[in-house]
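Structure record follows, encoded as structure tokens.
Chain letters run A, B, ... following the sequence lines, proteins first, then strands; residues in each count from 1.
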There are 2 protein chains.
Amino acid sequence: MYREKIQIKKSEIAVGNLQKIFSATFKISGVKGFQAMSLRDLSYESGISMGGLYSYIGSKNDLASMIEGVLRHHIDLVTNNLIEESLAPLESLKAIIFGALYMMERLSPWYYFCFMELKGLPRERQEKALEIELRFERFLIDGLNRGEEIEVFKCENSDLLASQITAQLQQWHLKPWKFKLKNISLLQYADYCYQSLLNGLDLSPG
Amino acid sequence: MYREKIQIKKSEIAVGNLQKIFSATFKISGVKGFQAMSLRDLSYESGISMGGLYSYIGSKNDLASMIEGVLRHHIDLVTNNLIEESLAPLESLKAIIFGALYMMERLSPWYYFCFMELKGLPRERQEKALEIELRFERFLIDGLNRGEEIEVFKCENSDLLASQITAQLQQWHLKPWKFKLKNISLLQYADYCYQSLLNGLDLSPG
DNA sequence: GTCTATACGTGGATAGAC
DNA sequence: GTCTATCCACGTATAGAC
């Protein structure tokens, strides 16, 4: 990705420096926010000079867009894999929940950034970022509706249940301190979220 | 509040202008974020000159702090009222949910601001703002534990249930577009949240 | 490929007239 | 009480040496 936009030819160097830039961005904007982060801050934290930065990022806004793009790319990959597996409704819903949490764990700063710094992105990107959430919810709703059709369970309010689950999952990257404070592991939380989903359903006997 | 900090003596004028300033702040920072809002933007939107602004706000950061302070003040008032009422556990939990949503509806931009622009505030204020959420959750947990003691219901995981409910409630100000899109009213949503809470409990027969 | 030096604009804040 | 004019610092971005 972004091979054309970046002025550095040797991909080894480029990837390494991009990583430095991204993680420095996450570190600083995690503390003071992306808007408040100056490129001088970024230069200092990443160890790359101001001039050097511009071989990689084009502009400050561009940097935010890149981050959003990378995250969306990853999510698309995983989503497509899940679709191809075509599991039974409940199994599929479970896989969505566990998969989403696993992604959030691995890409936690990316998610957090895209949630909190949405307004920093250009309008077009903002909408795409919201689309991520909407697509995810529709994915859940599909699973719920399919389950109802096959009569595995009943669900009165699939819209609200889906957004409840979405909100719960987002907590994992939005408020990691809560879970550290109470010593909740990823798996425990995934189980709990899946349980909440089941609690929102009328499971048919058996 | 803040009478001493503000240089304007006539309270009628002061209150009116403060309202202009606050709502202009919400409008602008709702679009581009607080950090990206310049005082020139604010001056234009509020109709008060740059110089004039400084009779009210002290500094840009001070403005953010004031907003956080006003919200916390309101929440404290309502919370104290609720405590004095000393209802039965389930009634109390229901009141907390409905009360919180009602507050969020009326003070929606204040909540949204304090959630999204936390990092704009000075550290001390940041912690106080997080404290709001923690106190709220502890309030829920208390209700849950009291219910267990009196054996009205069983609840295995009051911590996780409380933060689930908190997350659900926050959706109301964080993602109002979702609810408009699907035509969900405040009362419908309050009912749904209360229902989720019940779903998370083992209700004793009767 | 990476750095230093620099240009240029914008933003926060204040002084002082009205 | 409110405004205009102005100061100064900082932020983004670029040019050009190494």
Hey, what's the ring geometry for B/F179 with B/W172, parallel, tilted or perpendicular (30° and 60° as the breaks)?
-> tilted

Taking atom C1' of C/dT2 as reference, at what distance in whole Å does atom CD1 of A/I21 sit?
-> 12 Å

Measure from CG on A/L42 to P on D/dA13 and round the result to the nearest Å.
-> 12 Å

Restricting both atoms to N or O, compile the protein contacts to nucleotides 9-13 of chain C shorter than 3.5 Å, with distance only.
| from | atom 1 | to | atom 2 | distance (Å) |
| --- | --- | --- | --- | --- |
| C/dG11 | N7 | B/R40 | NH1 | 3.2 |
| C/dG12 | OP1 | B/K60 | NZ | 3.2 |
| C/dG12 | OP2 | B/L39 | N | 2.6 |
| C/dG12 | N7 | B/R40 | NH1 | 3.4 |
| C/dG12 | O6 | B/R40 | NH2 | 2.9 |
| C/dA13 | OP2 | B/Y54 | OH | 2.8 |
| C/dA13 | OP2 | B/K60 | N | 3.1 |
| C/dA13 | O5' | B/Y54 | OH | 3.3 |

Are any of the side-chain nitrogens in B/K20 or B/E45 under 4.0 Å away from the carboxylate oxygens of its partner?
-> no

Calculate the interatomic distance between B/Y44 atom OH and D/dC3 atom P; express it in whole Å.
-> 15 Å

Rounded to the nearest 0.5 Å, how far does CD of B/Q170 lie from CD of A/Q171?
-> 6.5 Å

Here the distance between atom P of D/dC3 and atom CD of B/Q7, to the nearest Å, is 14 Å

N-O pairing of A/E127 and A/R123 below 4.0 Å | no

Using a strict 4.0 Å threshold on nitrogen-to-oxygen distance, state whether B/K27 and B/D41 make a salt bridge.
-> no

A/E133 and B/K175 ion-paired at < 4.0 Å | yes

Atom NZ of A/K32 and atom C1' of D/dG11: how far apart are they, to the nearest Å?
-> 11 Å

What integer distance in Å separates B/I48:CD1 from D/dG1:C1'?
-> 11 Å

Is it the case that A/Q164 and B/Y192 place a side-chain donor and acceptor less than 3.5 Å from each other?
-> yes

Selection residues 152-170 of chain A - residue pairs positive for salt bridge (Lys or Arg N to Asp or Glu O under 4.0 Å), sequence neighbours left out | A/D159-B/K182

Restricting to nitrogen or oxygen on both sides, can you table the protein-nucleotides 16-18 of chain C pairs closer than 3.5 Å?
none

Do B/Q168 and B/S196 have side-chain N/O donor and acceptor atoms under 3.5 Å apart?
-> yes

Rounded to whole angstroms, how far apart are CD1 on A/I8 and C1' on C/dT2?
-> 8 Å

Rounded to the nearest Å, what distance is computed from the CD1 atom of residue B/I6 to the C1' atom of nucleotide D/dT2?
-> 15 Å

